[in-house]
Structure formats: structure tokens, C-alpha cells
Amino acid sequence: CETCSKEEAKYRCPRCMKYSCSLLCVKKHKLALSCNGVRDKTAFVSVNEFTDLNLLSDYRFLEDVGRTADAAARNCIVHSPATKRLLYCLRNKARGRNIELKTLPVGFTKRRENSTTFNSMENKFYWHLKLVFPHCQAEYTLKGVPDDKTLGDILKPYIDPVESDPVVCQRLKIYTASPQSDVRILMKIENRSRNSIRYNELDASRSLLDNLKGKVIIEYPTLFVVLKTLKNDMVVLGQ
């Protein structure tokens, strides 16, 4: 068992392939690794390891995609004129702030979960935002983040040694224990090939709006919080 290292393993997680001996250890490993236990149907499989089971899995996956797309096409609410006007308004307001906001077709997960809104009276965005902490394999989703809030203030409840939540602080211990000067905030550059992934480095002292200007956003921003000494595989544009 890779959790307790005491008993003989009986189960293997379909998602991360970790061995466990009991239901308790299964739950512990899911909590520690933020693992949902569901097999990743889109995980890469080399040609040498490709079997009939992989082929069958791919076929069923495509069938599921077809059913999801068909169900989305029949959903009259998401195709209503009001929904289209709302999306047009969001893209137009973002364009006025030098942000290229792109929305995905109906049925995509990011389209479904996006909760970004624009307040006309306050004349500002309230963003749906995802924070990814790759060194701890942790993700957090924020809703209604005002665009005039600085990135430093957004991150305080997560990595600030004093102001962060104790449970979150324990999980992100590698960040809270590191000097704040080592923390870097990156955002993936969209519309690049898979073998040429690059990131923009953002300024924690500036507002979310200032950092998003001149960027392409697909549905909502996803920020990667990394440490300077551990981000070797994440190449910042210009390096």
C-alpha cells in the first residue's frame, strides 16, 4: 500500500495508479492528491502499450462525446437569444479593455462552469477564476473576483503565512514556507501548439484587469502559482 506502507495492496486507483490496501487508505490518497478516482479517458497511451481495451475505451469515449453534443444541441435555454446577447456583451466589454475573451461552444466544461459577469453600474468585471498550485497538486475555483483586485490580495487567503486559512495553509505548506519573493504567477498563452507551451508572468502588485490586458482568455483566467526554483518545466515567454 502506497498510503500506509504496512498492508498488502488490494486496489489500484484508475486515475493515478496508486496502490491501496483498504477503503480508508483509498480515501486518504484521494484527499492528499486531490484525486477523484475516475480514470482519465484522454490520458496519453503510447503505440507500444495500445491494446484492444484502449481502442474500446476510445470508441466509448467518442460515443459519450456524441451524446453530450446532441444533448447540448437540444438545450433551448443555452441557445436562447438572451444567452447569446449576454456572451456578446461580455466579449464586447472585454474587447473595450484590450482583453480578447473567447467563449467555447455549448457543452464544453469551461463554458458550463464559467460564472463571469459584468456589472454595468460599477463598470467592471467579476471574474470566474481558477488558481492552480502545481507543486502541491491543488486547484481552487474563485467566483465573483472584481477586476480591480490585485493578484497579491487574491492569493493572500492561500499562501500568506498569517492570513491564509489553516487547512489551506497546511496543504500549501511548500508555498507558505517559501519567501514571498520566490512566488511567481503564470498564465498560459493560448493559441500555441502543444509542443510549444509558453506562459506569461504576471505582476502580483497590479490588479487583475491590468494583468489581463493584451491577453487571450478562453472563458476565464487560469493562474498557475509556482515557485521560482521549481518551475523549470514551465517556460516563460521571452526566456
Side-chain angles (χ1 to χ4, degrees), residues 34 78 83 86-120 122-160 163-165 168 171-172 175 180 182-194 196-228 230-231 233-239:
S34 299
V78 294
T83 302
L86 176 61
L87 294 179
Y88 175 80
C89 176
L90 286 177
R91 292 193 295 264
N92 193 40
K93 294 296 184 181
R95 194 179 302 115
R97 287 157 176 73
N98 193 24
I99 301 172
E100 187 176 352
L101 177 62
K102 295 186 175 182
T103 54
L104 295 170
V106 176
F108 279 73
T109 302
K110 291 187 74 172
R111 171 88 292 274
R112 186 171 60 250
E113 65 187 12
N114 189 6
S115 61
T116 299
T117 58
F118 181 81
N119 189 310
S120 300
E122 298 179 12
N123 196 33
K124 65 181 178 182
F125 274 91
Y126 284 86
W127 288 96
H128 183 105
L129 191 65
K130 180 175 286 187
L131 299 178
V132 180
F133 298 85
H135 307 316
C136 296
Q137 296 181 328
E139 292 185 4
Y140 298 95
T141 299
L142 287 71
K143 296 183 179 181
V145 180
D147 61 10
D148 56 356
K149 194 172 185 178
T150 65
L151 297 188
D153 289 338
I154 293 173
L155 291 180
K156 273 186 179 180
Y158 298 91
I159 61 174
D160 189 277
E163 298 187 27
S164 61
D165 180 88
V168 176
R171 186 177 182 186
L172 304 178
Y175 290 91
Q180 294 299 301
D182 286 351
V183 177
R184 297 289 185 268
I185 306 172
L186 308 181
M187 189 169 74
K188 182 181 175 182
I189 301 175
E190 303 294 351
N191 300 331
R192 293 183 67 93
S193 59
R194 291 178 63 88
S196 181
I197 297 177
R198 296 291 183 271
Y199 296 84
N200 279 317
E201 185 167 346
L202 308 183
D203 188 346
S205 64
R206 302 182 68 184
S207 69
L208 180 59
L209 175 61
D210 290 338
N211 278 287
L212 295 183
K213 286 182 178 178
K215 311 287 195 310
V216 177
I217 309 296
I218 298 181
E219 289 293 347
Y220 55 80
T222 299
L223 307 184
F224 295 85
V225 186
V226 300
L227 296 175
K228 182 172 63 175
L230 300 176
K231 68 176 183 66
D233 58 334
M234 303 178 76
V235 182
V236 177
L237 188 68
Q239 291 184 347

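With Asn211 contributing its side chain and Ser207 its backbone, the two residues share a donor-acceptor pair below 3.5 Å.
Here the side chains of Lys102 and Asn191 are in contact, with some heavy-atom distance below 4.5 Å. No side-chain heavy atom of Asp210 sits less than 4.5 Å from a side-chain heavy atom of Asp203. Under the 4.5 Å side-chain criterion, counting only non-hydrogen atoms from C-beta, Leu101 is not in contact with Arg95. Side-chain contact between Leu209 and Ile99 is present, with at least one heavy-atom pair separated by less than 4.5 Å. Val183 has its side chain within reach of Leu227: a pair of non-hydrogen atoms, C-beta onward, lies under 4.5 Å apart.
A salt bridge is defined here as a Lys NZ or Arg NE, NH1 or NH2 lying under 4.0 Å from an Asp or Glu carboxylate O, and Glu190 with Lys188 fails to meet this definition.
The structure places OG1 of Thr222 at 7.5 Å from CG of Leu129, a figure rounded to the nearest 0.5 Å. Taken to the nearest 0.5 Å, the CG atom of Asn114 stands 8.0 Å off from the CG atom of Leu90. In this structure, NZ in Lys93 is found 14.0 Å from CZ in Arg91, a value given to the nearest 0.5 Å.
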- Task: Could you go through the side-chain contact (heavy atoms from CB on, under 4.5 Å) check for Val168 and Phe133 one step at a time?
- Result: CA-CA 11 Å; Val168 176; Phe133 298 85; over 6 Å; no
- Begin from the C-alpha positions of Glu219 and Thr103 and carry the test side-chain contact (heavy atoms from CB on, under 4.5 Å) through to its verdict. CA-CA 5 Å; Glu219 289 293 347; Thr103 54; 3.6 Å; yes
- Message: Working note: Leu155 + Tyr175, criterion side-chain contact (heavy atoms from CB on, under 4.5 Å); need CA distance, chi angles, decisive distance, verdict.
- Response: CA-CA 11 Å; Leu155 291 180; Tyr175 290 91; over 6 Å; no
- Item | Working for side-chain contact (heavy atoms from CB on, under 4.5 Å), residues Leu212 and Met187 | CA-CA 9 Å; Leu212 295 183; Met187 189 169 74; 3.9 Å; yes
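Of all heavy-atom pairs spanning Lys213 and Arg97, the tightest one is CG-O, 3.4 Å. Closest non-hydrogen pair, Gly144 versus Tyr126, comes out as O-CD2, 3.5 Å.
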Under 3.5 Å, which donor-acceptor pairs link side chains of residues 147-154 to any protein atom two or more places apart or in another chain?
residue : atom : partner : partner atom : Å
Asp147  : OD2  : Phe125  : N            : 3.0
Asp148  : OD2  : Lys124  : NZ           : 3.2
Thr150  : OG1  : Asp153  : N            : 3.2
Thr150  : OG1  : Asp153  : OD2          : 3.1

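Under the side chain to side chain donor-acceptor pair (under 3.5 Å) test applied with Tyr220, the options Glu113, Lys143, His128 reduce to a single match, Glu113.
The number of heavy atoms from other shown groups lying within 6.0 Å of NZ (Lys110) is above 12.
Using a 30° and 60° split on the angle between ring planes, Phe224 and Tyr199 fall in the perpendicular class, above 60°.
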